[in-house]
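Worksheet for the structure shown next.
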Amino acid sequence: MGLRSAQWYAGDDRNSYIHRAWMRRGLPANAFGGRPHIAIANSASDLTPCNLHLDEVARSVAGGIHEAGGIPLNLPVVSLGETQVRPTAMLWRNLAAMAAEEMLRANPIDGVVLLGGCDKTIPALVMAAASVDLPAVVVPGGPMLTGTFRGVPLGCGTDVWRLSEEVRAGTLSAAEFQRSESSMIRSKGHCNTMGTASTMGLLAEVLGLTLPGIAGLPAPDSRLLEGAHASGVLAVELVDQQRRPSGVVGRGSFLNAIVALAALGGSTNAVVHLLAIAGRLGVELTQDDFDRTGSGVPLLVDLQPAGRYLMEDLHRAGGLQAVLREVRDLLDPTAVTVTGRPLVDYLDDAQVYDREVIRPRAEPLRPHAGIAVLYGNLAPDGAVIKPAAASPHLLSHRGPAVVFDSVEDLHARLDDPALDVTADSVLILRGCGPKGYPGMPEVSNMPLPAKLLAAGVRDMVRICDGRMSGTAYGTVVLHVAPEAAAGGPLAKVRTGDIIVLDVAGRRLDVDVPDEVLAARTPAPAAVSAFAAPLRGWERLYVDTVGQANTGADLGFLVGASGDAVSRDSH
Ligand code: FES
């Protein structure tokens, strides 16, 4: 089969002349004579600090592509800095995916190397590559090194809250708090806890989309550049063999990712991202697969926020492959990688070098990790909870609802001394789903009322139609579907209704007779918490986004169009 780029460059007519001539600027004539053109989809940006170093990674990738006889082409893509973009980076994930997909298809390229790091960047690029289905390999940008402050390690995200509490308690000055900023962000790379960026970088490898052994390499580690170079070489091979995402990532790959997600103690955000990627590939995957396949898997990795260590420690202790070896019997042995060999083939030599960081299967941190999926009259299409992150005594709970219609409503009333709330109450935050906010922000792990905190309460049942940060913990039921703004029953709950949570029975209900609930009018504020008229991307997003249980992709983006260009104007 000829190269796709030859549709632009081959021949001696006027059009091929134009295509070649405008690309000439430094490229030799033989660049257009059968050498694969490989895009380096590069999410480096000054405004995505976690991906800032990807230009350097791209140079190593380009070296590998050159060495293998290909032509590397830098392709800047929409980049999302999790801490910077507002109102929430998730609003833009599908935009980034759509833009990348279209540019990969529109341009004369034969394959692509995907460079991501910060939370949404790898999911967006993988969604794009799945839909255009060009030969593709991911190079995860890797986590930053462990910073220390006053002699102790700092975990990104998790320790911000700890230090700010110290300031409130008077044990840390405001000036010292500020000084800790650059200690926390010690080096290039993404957040170093087992948050969403770390999770998705590692899961890209489990899905088979990276050179095996590369995920989790710290961003400043020279071996990342070595791996990037090898990924460039591999990209040329992928084109040669026409090995595309649809031929690499199957249902077994996703089930392997679910097992890994549990063993790693990864972020709940992986649920929506994996569902969205599966939707692009046309692979059958449901939220229930996460429960069925992952909930019995033990938590083996002692990383923040669930545990003590950070990504640099995981790498030192043996890394992803050492973790996967512990659960090898749970992995689908037929699931392959971009190299053409099965994922499990790469686990034979994996070793654990620190049993404090990577626990043996027989001595896990928790016997059952993973995600539980709940159904009931509050969540007809499901909701998720991470039982290992919850307080055991709250996993079966009845309590009166205290309902907030929006994030603004929550902040306005939560700390009101007059708020009628006790430790047995169930906090409900709605209007935070994909359509409601819009963009499904990470707010489900809502703070506890000040007066209960002062009384020593440290956890309560919380229910929300939004997401939560990969660094967050607590008895939090999230991703409730349908969300309030999409007509879900969450919009009909009233303060004082009794909520029944039964994680063992996988139920989430409001103890209100069905006919009474059906007759209620949804709270207007919960349905349209975001009242401003929408235009542009937000308009398109709200009108077409799906619910969390299907990956919160835009309806018309689900599936694949392949690499064929619809029309050729020449
Ligand atoms: Fe980029 Fe955390 S802010 S990974």
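Indexing begins at 1, ligand by ligand and atom by atom, following the structure's order. Bear in mind that the values here come from a model prediction, so they are computed numbers and not experimental data.
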Note to self: Closer than 4.0 Å to some heavy atom of Ala197 - which atoms of ligand 1 meet that?
What the structure shows: 4 (S)
Check: Would you say the side chains of Ser79 and Ser45 form a donor-acceptor pair under 3.5 Å?
Finding: no
Check: Where the side chain of Arg93 meets the backbone of Ala552, is there a donor-acceptor pair that is under 3.5 Å apart?
Finding: yes
Checklist line | Per-atom contacts of ligand 1 with Thr83, taking only distances under 4.0 Å to non-hydrogen atoms | finding: 3 (S)
Note to self: Within the 4.0 Å heavy-atom shell around Cys50, which atoms of ligand 1 are there?
What the structure shows: 1 (Fe), 3 (S), 4 (S)
Checklist line | For Glu82, atoms of ligand 1 separated by under 4.0 Å from a heavy atom | finding: 3 (S)
Check: Would you say the side chain of Cys464 lies within less than 4.5 Å of the side chain of Val477, judging by non-hydrogen atoms?
Finding: no
Next item on the list: Check each atom of ligand 1 against the heavy atoms of Cys118 and keep those under 4.0 Å away; list them by number with element.
Entry: 1 (Fe), 3 (S), 4 (S)
Check: Leu331 versus Val259: any side-chain heavy-atom pair under 4.5 Å?
Finding: yes
Checklist line | N/O/S atom of Cys156 inside 2.8 Å of atom 1 (Fe) of ligand 1, strictly under | finding: no
Checklist line | Thr121 side chain vs Cys118 backbone, donor-acceptor pair below 3.5 Å | finding: yes
Check: So, Glu483 side chain and Lys435 main chain: donor-acceptor pair closer than 3.5 Å or not?
Finding: yes
Margin query: Heavy atom to atom 2 (Fe) of ligand 1, shortest distance: which of Gly81, Cys191, Ser198, Ser469 holds it?
Written below: Cys191
Notebook entry, point to check: What atoms of ligand 1 come closer than 4.0 angstrom to any heavy atom of His190?
Noted result: 4 (S)
Checklist line | For atom 4 (S) of ligand 1, closest protein heavy-atom neighbour | finding: Asp119 OD1, 3.3 Å
Check: Is the number of heavy atoms from other residues, nucleotides or ligands within 6.0 Å of CG (Leu47) greater than 12?
Finding: no
